[in-house]
**Student:** 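Supplied in structure tokens, the structure appears directly below.
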There are 2 protein chains.
Amino acid sequence: MQKDPALYTKKIRSFYHKSRRMPSFAELADLFGFQSKNASAKLVKKLVETRILKQNNRGFLIPGPLLRGLKLLGTVEAGFPTPAEEELVDTLTLDDYLISRPDSTFLIKVSGESMIDAGIMPGDLVLMERGREPRTGDIVIAQVDQGWTMKYYEKQGCAIRLISGNKKYPPIIPKEELRVAGVVVSVVRKYV
Amino acid sequence: MQKDPALYTKKIRSFYHKSRRMPSFAELADLFGFQSKNASAKLVKKLVETRILKQNNRGFLIPGPLLRGLKLLGTVEAGFPTPAEEELVDTLTLDDYLISRPDSTFLIKVSGESMIDAGIMPGDLVLMERGREPRTGDIVIAQVDQGWTMKYYEKQGCAIRLISGNKKYPPIIPKEELRVAGVVVSVVRKYV
DNA sequence: TTGACAGGTGAACGATCGTTCACTATACTA
DNA sequence: TAGTATAGTGAACGATCGTTCACCTGTCAA
């Protein structure tokens, strides 16, 4: 009979998280109490079939989609299913999903309520991508006076306006040049 | 003179992203056109000092904080600094920041505007943790009738109410038992 | 002109890598 | 009761690992 692969998954994930690399076959044997690397090899063969692990061209272990990502269940309010078949579940890594150009992406913490109507609350983390050309409707980080603000970017012809995401605040029409630090590509909020 | 480590960082990050593991010394030499593994060894020695790389107890490469994470710049609206010293920058990995129990965390897409006052818009992704005990003020995914909804959880004594994050919707007082699928631990929104 | 030094070559080292083979023990099926 | 598949042991294999040594080649300051 097949043993439950969830237990193996958990231990391997824990190893991967702690040492930031996949275990070798010897380390796998150590993890599960095997005396022989061959026991690891047979286990790996199964886990590869269940998409938990992968192996590269030299046999080294690579985390599979089910090990790296989170399970995407469905849609709330439409009623979401809980697929019994683990293989049918779509998986997603937040880093892969949100970050396309890691070298020019930066994190900024939000304070103030100037974008609260856009669903960006104080305390949120914002991912800003530097070097991207802002388009109308984008949320940008721009230099105004001494500090930096986050506003909607709007361009009509040559006229550029910065519009707040809070009805209480008036739009800003920059007098001379406008320094845009970057475009907001995503927002992240952590409860608890 | 020291060469710019940013170029090395970029290539190594690209390798790490593609093959989901750190390169060996031979692969490093291949990446940069070295003929000798020793050239890699000397390069690694420097990159370890700049916190881009790490090495474990057997010399294998491990991604350092500057390779894995995004740079946390500061706070918008308070004016954020751009530290010249790369070593002073705090770095953060989204996966590490948002996910504490990967085995019981799931992703759900939001449709509808029932939590729009809480800054959760349609199209957002929500991270739900299963098995966590909900507390008053938490946002939960709960089973109501046939489908699932996302509401604020409120408990006063034995009375449990589910409150919508949209003033238009009335609170729900569950008649019998309440099936809570999980507690929302974070929200993620992707523009572009 | 000399010396120091950073950057790279090339070869050798013991250790560990994943793989493979033959073999044993257990559990379940026919 | 015999047969078969599952799970693990233990040893050997060539290949690759990171490390180390001596050596070469420029560049730059003294």
Side-chain angles (χ1 to χ4, degrees), chain A residues 1-68 86-87, chain B residues 1-68 86-87:
Chain A
M1 268 301 105
Q2 298 258 113
K3 277 195 185 176
D4 184 27
L7 184 128
Y8 297 122
T9 308
K10 207 164 184 173
K11 284 203 174 185
I12 295 174
R13 202 202 301 264
S14 166
F15 184 100
Y16 182 62
H17 199 261
K18 256 187 290 197
S19 49
R20 304 203 199 291
R21 64 184 177 85
M22 293 299 282
S24 69
F25 280 40
E27 288 166 330
L28 261 190
D30 215 55
L31 264 181
F32 298 119
F34 297 151
Q35 303 295 324
S36 165
K37 286 193 294 177
N38 190 11
S40 305
K42 292 181 181 175
L43 174 63
V44 163
K45 207 172 175 182
K46 280 186 194 163
L47 295 183
V48 166
E49 286 170 5
T50 57
R51 293 205 314 158
I52 292 171
L53 295 181
K54 279 187 179 180
Q55 283 181 287
N56 69 356
N57 48 10
R58 278 208 300 280
F60 286 94
L61 295 186
I62 290 177
L66 289 182
L67 192 70
R68 298 189 333 120
E86 286 226 332
E87 302 161 14
Chain B
M1 266 304 106
Q2 297 259 113
K3 277 196 187 176
D4 183 26
L7 185 127
Y8 297 122
T9 308
K10 208 165 185 174
K11 284 204 173 185
I12 295 173
R13 201 203 302 265
S14 166
F15 183 100
Y16 182 62
H17 199 259
K18 258 187 291 199
S19 49
R20 306 205 198 290
R21 63 184 178 85
M22 291 300 281
S24 70
F25 279 41
E27 288 166 330
L28 261 189
D30 215 53
L31 263 182
F32 298 119
F34 297 152
Q35 302 294 324
S36 167
K37 287 193 294 179
N38 190 11
S40 304
K42 292 181 181 175
L43 175 62
V44 163
K45 206 173 175 183
K46 279 186 193 163
L47 295 182
V48 166
E49 286 171 4
T50 57
R51 292 204 313 158
I52 293 172
L53 295 181
K54 278 187 178 181
Q55 282 182 286
N56 69 355
N57 49 8
R58 277 207 301 278
F60 286 93
L61 295 185
I62 289 177
L66 288 183
L67 192 70
R68 297 190 334 122
E86 286 225 332
E87 302 161 13

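Just so we're on the same page: letters track the sequence lines, and every chain starts at 1.
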**Student:** Where is the tightest heavy-atom contact between A/Pro63 and A/Arg68, given as atom of each residue plus distance?
**Tutor:** CB-CG, 3.3 Å
**Student:** For A/Tyr16 and A/Met22, which heavy atoms make the closest approach, and how far apart are they?
**Tutor:** CD1-SD, 3.5 Å
**Student:** Is there a side-chain polar atom (N or O) of A/Arg58 under 4.0 Å from OP1 or OP2 of C/dT19?
**Tutor:**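 False: A/Arg58 side-chain N/O out of range (4.0 Å or more) of C/dT19 OP1/OP2.
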**Student:** Let me confirm one number: the CZ-CD distance from B/Arg21 to B/Glu27, rounded to the nearest 0.5 Å.
**Tutor:**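 Rounded to the nearest 0.5 Å, the CZ-CD separation comes to 4.5 Å.
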**Student:** Nearest heavy-atom pair of B/Arg51 and B/Pro65: which atoms, and what distance?
**Tutor:** O-CD, 3.5 Å
**Student:** What integer distance in Å separates B/Phe60:CZ from C/dC17:C1'?
**Tutor:** 7 Å
**Student:** May I have the distance from B/Asn56 (atom CG) to D/dC17 (atom P), rounded to whole angstrom?
**Tutor:** 14 Å
**Student:** Output the rounded distance in Å from NZ (A/Lys45) to P (C/dG18).
**Tutor:**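 The distance from NZ of A/Lys45 to P of C/dG18 comes to 16 Å, rounded to the nearest Å.
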**Student:** What integer distance in Å separates B/Gln55:CD from D/dC17:P?
**Tutor:**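 The answer, rounded to whole Å, is 14 Å.
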**Student:** How many angstroms lie between NZ in B/Lys54 and CG in B/Leu66, if you round to the nearest 0.5 Å?
**Tutor:** 10.5 Å
**Student:** At what distance, to the nearest 0.5 angstrom, does OG of B/Ser19 lie from CZ of A/Phe60?
**Tutor:**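 Interatomic distance, B/Ser19 OG to A/Phe60 CZ, rounded to 0.5 Å: 11.5 Å.
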**Student:** What closest approach, in Å, do A/Phe32 and A/Lys11 show between heavy atoms, and which atom pair accounts for it?
**Tutor:** CE2-CD, 3.6 Å
**Student:** Going by heavy atoms closer than 4.0 Å, what residues in residues 11-26 of chain B are next to DNA chain C?
**Tutor:**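 Going residue by residue through residues 11-26 of chain B, none turns out to have a heavy atom under 4.0 Å of DNA chain C.
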**Student:** Reading DNA chain D from 5' onward, which residue's closest nucleotide shows up sooner: B/Val44 or A/Leu43?
**Tutor:**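 Its nucleotide being nearer the 5' end, the pick is A/Leu43.
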**Student:** For B/Lys42 and for A/Gly59, find the nucleotide of DNA chain C with the closest heavy atom, then tell me which residue's nucleotide is more 5'.
**Tutor:**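 Of the two residues, B/Lys42 wins.
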**Student:** Would you mind reading off the distance between B/Asn57 atom CG and C/dT16 atom P, rounded to a whole angstrom?
**Tutor:**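 It is 10 Å, rounded to the nearest whole Å.
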**Student:** Could you check which residues of residues 32-39 of chain B get a heavy atom under 4.0 Å from DNA chain C? Sort them by number, please.
**Tutor:**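 B/Phe34, B/Gln35, B/Ser36, B/Asn38, B/Ala39 - these, ordered by number, are the residues of the stretch whose heavy atoms sit under 4.0 Å from the strand.
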**Student:** May I have the distance from B/Leu28 (atom CG) to C/dG8 (atom C1'), rounded to whole angstrom?
**Tutor:**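 Between C1' of C/dG8 and CG of B/Leu28: 15 Å.
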**Student:** With a cut-off of 3.5 Å and sequence neighbours excluded, list every side-chain donor-acceptor pair involving residues 34-45 of chain A.
**Tutor:**
{"unit_1": "A/Ser36", "atom_1": "OG", "unit_2": "A/Asn38", "atom_2": "N", "d": "3.0"}
{"unit_1": "A/Ser40", "atom_1": "OG", "unit_2": "A/Phe25", "atom_2": "O", "d": "3.0"}
{"unit_1": "A/Ser40", "atom_1": "OG", "unit_2": "A/Ala29", "atom_2": "N", "d": "3.2"}

**Student:** Whole Å only: how far is the CD1 atom of A/Ile62 from the C1' atom of C/dG18?
**Tutor:** 14 Å
**Student:** Test side chain to side chain contact (heavy atoms under 4.5 Å, CB included) on A/Leu47 and A/Leu67; report intermediate values, then the result.
**Tutor:** CA-CA 10 Å; A/Leu47 295 183; A/Leu67 192 70; over 6 Å; no
